[in-house]
There are 4 protein chains.
Amino acid sequence: MSEIETIQAYYAASLGKDGRITRTQRQILAAALDLFAEKGYEEVGTREIAERAGVAEGTIFHNFVNKNGILDAIMQPIVKNILPTMLNTLDQAVLDSPNQTLEAFIVALVRDRVKFVTRNRASLAVILSQFFNNAEDRAAVLGMVSPAILTQATEAMERLKATGELVEWPNHMILQLVFSTIGGYLVEQVLYPQAATLSDQQVVHYLSDFLVNGLSPRRIPLQSDNTAS
Amino acid sequence: MSEIETIQAYYAASLGKDGRITRTQRQILAAALDLFAEKGYEEVGTREIAERAGVAEGTIFHNFVNKNGILDAIMQPIVKNILPTMLNTLDQAVLDSPNQTLEAFIVALVRDRVKFVTRNRASLAVILSQFFNNAEDRAAVLGMVSPAILTQATEAMERLKATGELVEWPNHMILQLVFSTIGGYLVEQVLYPQAATLSDQQVVHYLSDFLVNGLSPRRIPLQSDNTAS
Amino acid sequence: MSEIETIQAYYAASLGKDGRITRTQRQILAAALDLFAEKGYEEVGTREIAERAGVAEGTIFHNFVNKNGILDAIMQPIVKNILPTMLNTLDQAVLDSPNQTLEAFIVALVRDRVKFVTRNRASLAVILSQFFNNAEDRAAVLGMVSPAILTQATEAMERLKATGELVEWPNHMILQLVFSTIGGYLVEQVLYPQAATLSDQQVVHYLSDFLVNGLSPRRIPLQSDNTAS
Amino acid sequence: MSEIETIQAYYAASLGKDGRITRTQRQILAAALDLFAEKGYEEVGTREIAERAGVAEGTIFHNFVNKNGILDAIMQPIVKNILPTMLNTLDQAVLDSPNQTLEAFIVALVRDRVKFVTRNRASLAVILSQFFNNAEDRAAVLGMVSPAILTQATEAMERLKATGELVEWPNHMILQLVFSTIGGYLVEQVLYPQAATLSDQQVVHYLSDFLVNGLSPRRIPLQSDNTAS
DNA sequence: TATGAATGAGATTTCATTCAT
DNA sequence: GATGAATGAAATCTCATTCAT
């Protein structure tokens, strides 16, 4: 994953004539982000957004064409740029060192995600909400996982299984467990932004350790212990 | 948890005068459940529900007072029971055999949830959607996690830690990981109902095994092995 | 004015097959009377009436055909029977003694009205409300003042003017003042049923005295006094 | 009372940003006033108002928030001012000439009210209707009779009694009679707007004369005359 | 006779969007 | 570019009334 980890940096690309985001646009986006995260897209009216942003209702349509245009402006940078980039980064790491251990692999994977979640809570709340509420938006999020990436991920898993680093479970199930663990952290952060009792570093440690142990091939002594009891 | 594992069984408690759910009410609930699960609560109109249910629009309001009343009738039975019974199971398992292994404990927990998810996909889809979309509904779901239940869960974890069955991590983190793992399965089922490639039994095996290994105390040999490599 | 001064006595004539008013009908009428007087006809729903009456909604239509049927049952006895009777009584009194003084005449007039108002507060509240809100009901109330009665009243006023008992003002204005004075009392009673600080007898005295003095021909000394100052 | 005698003049205070009433708002208010006066508030739909006003239905809600908002805009200026200014007049009359006769005093009072009624027939019809129909609106009208104002009125009456200008009756009864006389005229004007056979001046004369004679202390000669006859 | 579930026409209200200024 | 009044389609909801039980 590269340096671009904040949404603001992406607005320039999609808004404004000369790659610049207007003060007005920023006000509207900030207001909408707050409100969407708090109440959900459907529950927020354009009048409300305009009021909180301190602009006229018409100004919203001047700048974003649609109510949906605001949502796009919030989701696009993450869905179209950051997440794909992140997935590519993951893949690159795997490709770079084919004989990497599961631990190193997972730690790298988790660390990036945790940082990202911490930095983009509000936007992720909106994306998460849309993901579960709108089939189209869900497709958009899922669509960014290109088949190529999936293929590469599958290859990585097979390689790790071959070297005895990964349990011999269906790849589909392994992926689900990895996503669940990271996703669960995401959900917690998004829903309780205030309760950050652990440092990012600690979280990375726990999640990685949990995943590594959960997905490592079962050792003989562990099995015998269980059998013995 | 035990006997009550289908939503229909709960409707009786909250609807109808003598604990019975009317044919009309069932029609409306079925239609609404389908539509909500498919398009999301906000996207479905009462007219549409009435049409699919084969009743007049007024009949909806006669039976459920509100559009929101339908949603309540769908969510209530699950929301009011899923977590409490889940933790009941946990408590029961602990009471039944205080020196039980983490494995048996988690297997019981996971098995119940997997069955429940499989049986109540549509309703859970609606609840999941509302949970992320509507602060009020989220509060309703979370509000039912009474402090008493949390205390019980905490006690159970402490006991397992004391007997060396559970890793010495913050309880909060352990809970999050358990919820993540089961929740991830829930999300997958809810979003891709068709793709059931694994049997319930297999899923229970994988999830349990993953959790048990992920949450077991780290063995010295494992650590030294890792360090050695 | 005869003895029939309470509404209940009239229900028999318009309801029930054998001139009897059912227990159910009484319940409905009582509930409706309360509610109409409190919130106004339009603001009260049939569901509400049924609830307060402790009957099913259908029962109302069984007994009164219409929602409007209830209103009719409340208004009819007064509008169709009592008020006309009262007006005829008034006329009779005038006819019986053509050379009566204004005082005796007005005292008789006022006394009957005051008693009537005191006894039928609630129903009068409903009638008053309808009078100002519904052109049709207003016509019904006004229609009960037959031209014949008006003619007789005019004759009475002319006679009193001829004998120097009544000011030489337009009859129309004199009637308005009489109605105003009595109507003002009606309004006060209807709107503040609780605040009955004066006895009927006292009220009759004040109203009569006020009317007699207000409508007596002006004496010379009074005029000269004013001029002198 | 003085200058502000038309409702339009009051709208400015409660509507529009810079104390101005929009052309659209005036159209809506005019249409609503006509319809409410003609059929009563409950019988008029917003669609009907919009049609007669020549605007879209949404425009009503854009400008008045509620259907009830229109009613408020019609009632407020009058309700907030009619009684206060009425009693201001009373107070002013007393301050201007403490030794004024009852006659001059009542003439001033009546003249103001008669003018007001003549000019605001339609609005008063709506208010009158609501007053008798809706407990809430009634409370609003009555609620504006502040204790302070009542105190002033009472003091004025006591002063007039002390100077032998006013009959020694309960203040409450005197007020009722004054209100009845003026209110009766109001009702007549509101219900039969067309039948204006008398000029304002004549009406003022009759009502004042009636009140003055009705409320003047009874002269001994008058009493003896009556007794003698 | 009494019931109360079902009805559906119609009422109010919301809201994204347009457009003249 | 910004405004905000106006729009009208569509949504939710109310309510008197019917009718099978």
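Protein chains get the first letters and strands the later ones, always in sequence-line order, with residue 1 at the start of each. Scope of the values below: all heavy atoms of this structure, side chains included, with no hydrogens, waters or symmetry mates.
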>> Quick check: do C:Glu42 and D:Glu43 have side-chain heavy atoms less than 4.5 Å from each other?
In response: yes

> Which one is paired to F:dT21, where only Watson-Crick or G-U wobble pairs with both distances under 3.5 angstrom count?
Replying inline: E:dA2

>> Between C1' on F:dT14 and NZ on C:Lys39, what's the gap in Å once rounded to a whole number?
In response: 13 Å

> Among the nucleotides F:dA16, E:dT17, E:dT3, which one has an atom lying closest to any side-chain atom of C:Lys67?
Replying inline: F:dA16

> In whole angstroms, how far is the C1' atom of F:dA16 from the CZ atom of C:Phe36?
Replying inline: 12 Å

>> Below the 4.0 Å mark, does E:dA2 have OP1 or OP2 next to a side-chain nitrogen or oxygen of C:Asn63?
In response: yes

> Do D:Glu38 and D:Arg52 sit within salt-bridge range, that is, some charged N less than 4.0 Å from a carboxylate O?
Replying inline: yes

> Atom CZ of D:Arg23 to atom P of F:dA5: distance rounded to whole Å?
Replying inline: 16 Å

> Over how many whole Å does the gap from D:Arg47 atom CZ to E:dA9 atom C1' extend?
Replying inline: 11 Å

>> Side chain of D:Ala56 only, heavy atoms from C-beta on: which candidate in F:dA16, E:dT17, F:dT7 is closest?
In response: F:dT7

>> Any strand counts, and the cut-off is 3.5 Å on both contacts for Watson-Crick or G-U wobble. Which nucleotide pairs with F:dT12?
In response: E:dA11

>> Measuring only between side-chain heavy atoms, which start at C-beta, is A:Asn63 closer than 4.5 Å to A:Ile70?
In response: no

>> Pick the closest DNA chain F nucleotide for A:Thr24 and for C:Gly58 by heavy atoms, then say which residue is nearer the 5' end.
In response: A:Thr24

> Contact class for A:Val65 (heavy atom, under 4.0 Å): base, sugar-phosphate, or nothing?
Replying inline: nothing

> Whole-Å distance between F:dT18 P and C:Asn66 CG?
Replying inline: 8 Å

> Mapping A:Phe61 and D:Phe61 to their closest nucleotides on DNA chain E, which lands nearer the 5' end?
Replying inline: D:Phe61

> Under 4.0 Å between a side-chain N/O of D:Thr22 and OP1 or OP2 of F:dA5, yes or no?
Replying inline: no

> What's the CG-C1' distance between B:Leu71 and F:dT12, to the nearest Å?
Replying inline: 15 Å

>> Is the shortest side-chain heavy-atom distance between D:Arg138 and D:Asn134 below 4.5 Å?
In response: no

> B:Ile28 pairs by side chain to side chain contact (heavy atoms under 4.5 Å, CB included) with which of B:Thr22, B:Leu33, B:Thr46, B:Thr59?
Replying inline: B:Thr59

>> E:dA6, OP1 or OP2 - any side-chain N/O from B:His62 closer than 4.0 Å?
In response: no

> Between F:dT17 atom P and C:Glu57 atom CD, what is the distance in whole Å?
Replying inline: 10 Å

>> Would you say A:Thr46 places a side-chain N or O within less than 4.0 Å of OP1 or OP2 belonging to E:dA16?
In response: yes

>> I want to check a possible cation-pi pair here: B:Lys67 against B:Tyr41, using under 6.0 Å from ring centre and within 45° of the ring axis as the test.
In response: yes

>> So if I take every side-chain heavy atom of D:Thr59 and compare against E:dT3, F:dA6, F:dC13, which nucleotide ends up nearest?
In response: F:dA6

>> Which is more 5' along DNA chain E, the nucleotide nearest C:Gly54 or the one nearest A:Glu43? Just name the residue.
In response: C:Gly54

> Atom CG of A:Leu35 to atom P of E:dC15: distance rounded to whole Å?
Replying inline: 13 Å

